[in-house]
**Student:** 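The structure's right below; bear with me while I get my questions together.
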Amino acid sequence: MLEKTYNPAEIEARHYRRWEEGNAFAARPESNRKPYTIVIPPPNVTGSLHMGHALNNTLQDVLIRFERMRGRDALWQPGTDHAGIATQMVVERQLDAQGISRHDLGREEFIRRVWEWKAQSGGTIIGQLRRLGASCDWARERFTMDEGLSAAVIKTFVELHRQGLIFKDKRLVNWDSKLLTAISDLEVESREVKGFLWYFRYPIDGMPERHIVVATTRPETMLGDTGVAVHPDDPRFADLIGKHVLLPIVNRRIPIVADEYSDPEKGSGAVKITPAHDFNDFEVGRRHDLEVINVFDQHASINDNAPVEYRGLDRYAAREKVVAAFEHLGLVEKIEPHTHTVPYGDRSGVAIEPWLTEQWYVDAKTLAQKPIEAVRSGSIRIIPETEKRTFFQWMDNIQPWCVSRQLWWGHQIPAWYGPDGHYFVELDEAAAQAAAKAHYGRDVELTRDADVLDTWFSSALWPFSTLGWPEQTADLKRYYPTDVLITGKDILFFWVARMMMMGLHFMQEIPFHTVYLHGLVTDEKGQKMSKSKGNIIDPLDLIDKYGADALRFTMASIAAQGRQIKLSTQRVEGNRNFATKLWNATRFCEVNGCHPVPGFDPASCKLTLSKWLIGELAQTAASVTEAAEQFRFNDMANTLYGFIWGTYCDWFLEFAKPVLQGEDQEAAAEIRAVTAWGIDRLLHLLHPIMPFLTEELYEKFIGGRSMLIGEAWPQLPASLVDAGAQAEIGWLVRLISDIRAVRSEMNVPAGATLPLLVREANAETRARLNRYGALIKRLARIGDIDAAVATVPTGSVQIVLEEATFALPLADIIDFAAERARLKKEIGKLDGEIGKIDGKLNNAAFIAKAPAEVVDEQRERREEAVATKARLGRALQQLAG
RNA sequence: GGGCGCGUAGCUCAGCGGGAGAGCGUCCCCUUCACACGGGGAAGGUCACAGGUUCAAUCCCUGUCGCGCCCACCA
């Protein structure tokens, strides 16, 4: 016997264990089933489950469970990401607490400590994914820095280098002066900052009476100025082109050049050029062969290239000192408040400095061509479609990808340097030695490049490296390309695009057929969840309180495409209630002896009620299946919610009650079977979204040895839909609803029983009243039914349904005025409708141009409305007289 | 500056060419034997605004206003 309420906490752990012990998540490469593959977006080993994970993994699990039930060999490939910067930061912070830095330990020892940390805490998120119910094939769990994946990384690096698609270059990079590493363009975020625009006068060499005004938001960079640019067509500066400026403070003579980069509208119209510290200036400098003078060290403090009194100053201190010096010299024209955007490191949160260094770059432009084509041709489908535009916009303008990082935790770059700086990119040190010997003609000492690769480099290989590449494994052959990739739209560029590049390059095949991108989970006000705002909702708290299924159902139901996803606890609570509802419906079955009948054939049912339920359920199953196929998770969830609560519980079970308790044993037996069959089918349909609850009910209610997770997805033919049964039960539902509404509006005491008088009922209605009299009496609190009265007593409330009028005599309690008002309102509504329809029907163009069936439909609607209005009008008249 | 998207019931959002929908909230009634994490009922909307296309527009097009997000931008 089931408990009175569903208690998720006890149940979830047990079923998860059953699934794992039963090997239910395992892919079956040996089977002849068609594979269905999803690779998980590997969470950071440092991570713990947040709402984004909860959403992302719920959706993946829904699809995996759905396709598994549909008979596919489902592989959900799990694993974690070493998350270079994030992980290094975590361990460094721990060391910091002990007062040691990674440099105290040395590289080798530090890395050992990170592995140690990983062994202890790295599994947190995997445990949390289990609590969510994720049915990953855990035996296949991978890590981006495990042996096989590391080998894959080295191989791709070496091959891309051989193909000229990875190269070393000295140019400006985004330098993070806190983490002391280069970062890629994507890791830079712009923030709007309130600052100032300083207008400085630069004296012209040889023209003591003249100066040129430049404007800057970063006065300290003037220490590295090597030119001033003006627009070639700007008359204000025409005579100064070719002259030189005597740079104050530094006393450097620098040229005034004409360059179209200079915008006459901006600032003073003349722009100072600092090639070593600005991406645009770097280009201008290159065009005019300007000197590149780097004035910052790696900490963004002033270096020895600047005058001695500035050396060692932090960039902001240097800024103040430069401004003070200009003021002292009387060379400040003016200072304006100015809002502008400044680049910040997404991890460190400090302002990024464009800094001249040598780094490794991937030729992304070349690698992007095949992905662009794949998306354009539709061989990779992106959902929602609108994201395609974003994808193309980025891919069409893609810049070289800086992949080297000055960190310790990650895949060390397989490049070895000889004594003269010549380098050898090889799979291992031995190969590098051999190459070096061939190059130098003797053995030399080699030093390995100290840098590691961007974390996203190894993630880019994920769909094939996890399946065994570079070995040509059977798994790789069977499960690649994968079917769907589900991830947040915020990592479309970071990860998705790069998987396409690497997959198409190394596998010569797309990594996945479909990319499903979901939005960001925010709080209920649409605010991004963050520690500082204190608005974080921890999914584990919700799981503890409402159960994993309630959370999963919520995620599925709000996963509408392309929006930000606002989560409210209230919704989760509501969905927990839904779980309880189904729980109790099953309990009802149990209490009433509705047990599944082996070999039950829905097509053999005779009762209209059975046929109705079966048909409705068949339609629901079709909708749910279609929604799942089209990744419309919200439709899937909402369809099931509506059917289970609104149709099965609210109506079907209520209709079933009297039959189950009635005299007719044959009918009772059929209804028992249909009721149980309905629950069984619903458990199947709901399982991908609510696996724990449904598995529990399946075990308790259906019994047997098998587990629901491995059962077949319901397939109910459209032939089970019975239009006659739908019309008949639909009529019954409307009649009962109408009577209930009238009772409530007229304040009839809930317990009072009223007679029902029916006028002008045709033969079919009379037959229906006969068939469903007991139900009507029970559900609408009706006493006797007189199906053929000629007149209705004064003081009755009247309801018009199809051809018949139903009256509830309420002489003693009826409020005449209220009833007149109700009828008038109804009539008013009908008048409005008739007016609208007449507008169409009286329009010759409508008759001529609209499809015939639309015209017919409007005519029918009009007839119905007119007839109903007439009956209501009669009722109103009777009330008045 | 370039791009994308959104303005529908008090709130959160579905719907997207021919009868305005859901959940939550609100109000009224009901402890009836699956469920008060429940049952029954009700109120509430010129579908942002202005034009246009169409026989017909919440839905398509254009513009305006308001709000998000992404990319670029340190004069």
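Naming convention: chains lettered A, B, ... in sequence-line order (proteins, then strands); numbering from 1 in each chain.
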**Student:** For the pair made of CG in A/D396 and C1' in B/A72, what is the distance, rounded to whole Å?
**Tutor:** 15 Å
**Student:** OP1, OP2 of B/C55 versus side-chain N and O of A/K849: anything below 4.0 Å?
**Tutor:** yes
**Student:** Is there a donor N/O on one and an acceptor N/O on the other, under 3.5 Å, for the side chain of A/T216 and the base of B/C74?
**Tutor:** no
**Student:** Would you mind reading off the distance between A/E857 atom CD and B/G17 atom P, rounded to a whole angstrom?
**Tutor:** 16 Å
**Student:** Is there a side-chain contact between A/L686 and A/L582 (heavy atoms, below 4.5 Å)?
**Tutor:** yes
**Student:** Who does B/A36 pair with, Watson-Crick or G-U, both distances under 3.5 Å?
**Tutor:** none
**Student:** Taking the side chain of A/P354 as heavy atoms from C-beta outward, which of B/G23, B/G18, B/C74 is closest to it?
**Tutor:** B/C74
**Student:** Going by the angle between their ring planes, with limits at 30° and 60°, are A/W645 and A/F578 parallel, tilted or perpendicular?
**Tutor:** parallel
**Student:** Is there a Watson-Crick or G-U wobble partner for B/G68 with both distances under 3.5 Å, and which nucleotide is it?
**Tutor:** B/C4
**Student:** Report the base-pairing partner of B/G44 (Watson-Crick or G-U wobble, both distances below 3.5 angstrom), or none.
**Tutor:** none
**Student:** Could you say whether A/A741 or A/R781 is positioned toward the 5' end of RNA chain B, judged by the nucleotide with the nearest heavy atom to each?
**Tutor:** A/R781
**Student:** Between the protein and nucleotides 44-46 of chain B, list every N/O to N/O distance that falls short of 3.5 Å.
**Tutor:**
none

**Student:** Could you label the plane-to-plane angle of the A/F326 and A/F200 rings as parallel, tilted or perpendicular, counting under 30° as parallel and over 60° as perpendicular?
**Tutor:** parallel
**Student:** Nearest whole Å is fine: how far is B/C74 C1' from A/D281 CG?
**Tutor:** 10 Å
**Student:** Calculate, to the nearest 0.5 Å, the distance between atoms OG and CZ belonging to A/S268 and A/R236 respectively.
**Tutor:** 7.5 Å
**Student:** With respect to the phosphate group of B/C73, does any side-chain polar atom (N or O) of A/H340 fall under 4.0 Å of OP1 or OP2?
**Tutor:** no
**Student:** Base, sugar-phosphate, or nothing: which does A/E265 touch, judged by heavy atoms less than 4.0 Å apart?
**Tutor:** nothing
**Student:** Checking all strands, does A/Q858 fall into the base, sugar-phosphate, or nothing category for heavy-atom contacts under 4.0 angstrom?
**Tutor:** sugar-phosphate
**Student:** Answer yes or no: are there more than 12 heavy-atom neighbours, outside A/F846 itself, under 6.0 Å from its atom CZ?
**Tutor:** yes
**Student:** If I take atom CD in residue A/E833 and atom C1' in nucleotide B/A20, what distance separates them, rounded to the nearest angstrom?
**Tutor:** 12 Å
**Student:** Scan A/R319 against the nucleic acid and name what it touches under 4.0 Å (heavy atoms): base, sugar-phosphate only, or nothing.
**Tutor:** nothing
**Student:** Is A/R218 near enough to B/C74 that one of its side-chain N or O atoms lies under 4.0 angstrom from OP1 or OP2?
**Tutor:** no
**Student:** In whole angstrom, what separates A/N747's CG from B/C30's P?
**Tutor:** 10 Å
**Student:** Between B/U12, B/A34, B/G18, which nucleotide has the shortest distance from any of its atoms to the side chain of A/C649?
**Tutor:** B/A34
**Student:** Would you mind reading off the distance between A/D234 atom CG and B/A75 atom P, rounded to a whole angstrom?
**Tutor:** 18 Å
**Student:** Would you say the side chains of A/Q393 and A/T390 form a donor-acceptor pair under 3.5 Å?
**Tutor:** no
**Student:** Does A/K657 put a side-chain nitrogen or oxygen below 4.0 Å from OP1 or OP2 of B/A34?
**Tutor:** yes
**Student:** Remember a base hit wins even if backbone is also touched, and classify A/V854 as base, sugar-phosphate or nothing at under 4.0 Å, heavy atoms.
**Tutor:** base
**Student:** Report yes if a donor N or O on one partner sits less than 3.5 Å from an acceptor N or O on the other, where the partners are the side chain of A/R861 and the base of B/G19; otherwise report no.
**Tutor:** yes
**Student:** Between B/C29, B/A14, B/C74, which nucleotide gets closest to the side-chain atoms of A/A750?
**Tutor:** B/C29
**Student:** Any Lys/Arg nitrogen of A/K489 or A/E387 sitting under 4.0 Å from an Asp/Glu carboxylate oxygen of the other?
**Tutor:** yes
**Student:** How would you label the contact of A/S557 with the nucleic acid (heavy atoms, under 4.0 Å): base, sugar-phosphate, or nothing?
**Tutor:** nothing
**Student:** Look at the side chain of A/A850 and decide which nucleotide, out of B/U12, B/G19, B/C55, has an atom nearest to it.
**Tutor:** B/C55
**Student:** Take atom CD1 of A/I558 and atom P of B/U12, then tell me their distance rounded to the nearest Å.
**Tutor:** 13 Å
**Student:** Considering only side-chain heavy atoms of A/Q393, which listed nucleotide, B/G3, B/G19, B/C35, is closest?
**Tutor:** B/G3
**Student:** Could you check whether A/P851 gets within reach of a base, just the sugar-phosphate, or nothing at all, counting any heavy atom under 4.0 Å?
**Tutor:** base
**Student:** Of the nucleotides B/C73, B/A75, B/C37, which one has an atom closest to the side chain of A/R576?
**Tutor:** B/C37
**Student:** Under 4.0 angstrom, heavy atoms only, what part of the nucleic acid is A/K581 near: base, sugar-phosphate, or nothing?
**Tutor:** base
**Student:** Any idea which of B/A75, B/C55, B/C4 is nearest the A/A845 side chain?
**Tutor:** B/C55
**Student:** Taking the side chain as every heavy atom from C-beta outward, state whether A/W198 and A/K334 have any atom pair closer than 4.5 Å.
**Tutor:** no
**Student:** Indicate whether OP1 or OP2 belonging to B/G23 is found under 4.0 Å from a side-chain N or O atom of A/R571.
**Tutor:** no
**Student:** Quick one: sort the A/W583 and A/Y6 rings into parallel, tilted or perpendicular, breaks at 30° and 60°.
**Tutor:** tilted
**Student:** Heavy atoms only, 4.0 Å cut-off, all strands: where does A/N592 land among base, sugar-phosphate and nothing?
**Tutor:** nothing
**Student:** Once you apply a heavy-atom cut-off of 4.0 Å, does A/C589 come out as touching a base, just sugar-phosphate, or nothing?
**Tutor:** nothing
**Student:** Report the distance from atom CG of A/L223 to atom NE2 of A/H277, rounding to the nearest 0.5 Å.
**Tutor:** 9.0 Å
**Student:** What nucleic acid atoms does A/S262 come within less than 4.0 Å of, heavy atoms only: base, sugar-phosphate, or nothing?
**Tutor:** base
**Student:** Look at the side-chain N and O atoms of A/N577 and state whether any lies under 4.0 Å from the OP1 or OP2 oxygen of B/C35.
**Tutor:** no
**Student:** Any salt bridge linking A/K388 with A/E385? Criterion: basic side-chain nitrogen under 4.0 Å from a carboxylate oxygen.
**Tutor:** yes
**Student:** The side chain of A/Y641 is closest to which nucleotide in this list: B/C24, B/A34, B/C74?
**Tutor:** B/C24
**Student:** Which part of the nucleic acid, if any, lies within reach of A/A848 when heavy atoms closer than 4.0 Å are counted: base, sugar-phosphate only, or nothing?
**Tutor:** nothing
**Student:** Can you tell me the base-pairing partner of B/A50? Count Watson-Crick or G-U wobble geometry only, both distances below 3.5 Å, and say none if there is no partner.
**Tutor:** B/U62
**Student:** Considering only B/C73, B/C35, B/G5, which nucleotide approaches the side chain of A/T386 most closely?
**Tutor:** B/G5
**Student:** Got a donor-acceptor pair under 3.5 Å from the side chain of A/T390 to the base of B/C70?
**Tutor:** no
**Student:** Atom CD1 of A/I679 and atom P of B/C35: how far apart are they, to the nearest Å?
**Tutor:** 15 Å
**Student:** Please work out if A/N638 contacts a base, only the sugar-phosphate, or nothing of the nucleic acid, heavy-atom cut-off 4.0 Å.
**Tutor:** nothing
**Student:** Using a 4.0 Å heavy-atom cut-off, does A/N575 contact any base of the nucleic acid, only the sugar-phosphate backbone, or nothing at all?
**Tutor:** nothing
**Student:** Without placing hydrogens or testing angles, list every side-chain donor-acceptor pair under 3.5 Å for residues 543-550 of chain A, not counting sequence neighbours.
**Tutor:**
residue : atom : partner : partner atom : Å
A/D544  : OD1  : A/R131  : NH1          : 3.2
A/D544  : OD1  : A/R131  : NH2          : 3.1
A/D549  : OD1  : A/F692  : N            : 3.3
A/D549  : OD2  : A/F692  : N            : 3.3
A/D549  : OD2  : A/L693  : N            : 2.6

**Student:** How is A/F392 classified with respect to the nucleic acid when contacts are heavy atoms under 4.0 Å: base, sugar-phosphate, or nothing?
**Tutor:** nothing
**Student:** Out of B/C73, B/G5, B/G39, which nucleotide sits closest to the side chain of A/W645?
**Tutor:** B/G39
**Student:** Write down the partner of B/G25 under the Watson-Crick or G-U wobble criteria, each distance required to be under 3.5 Å.
**Tutor:** none
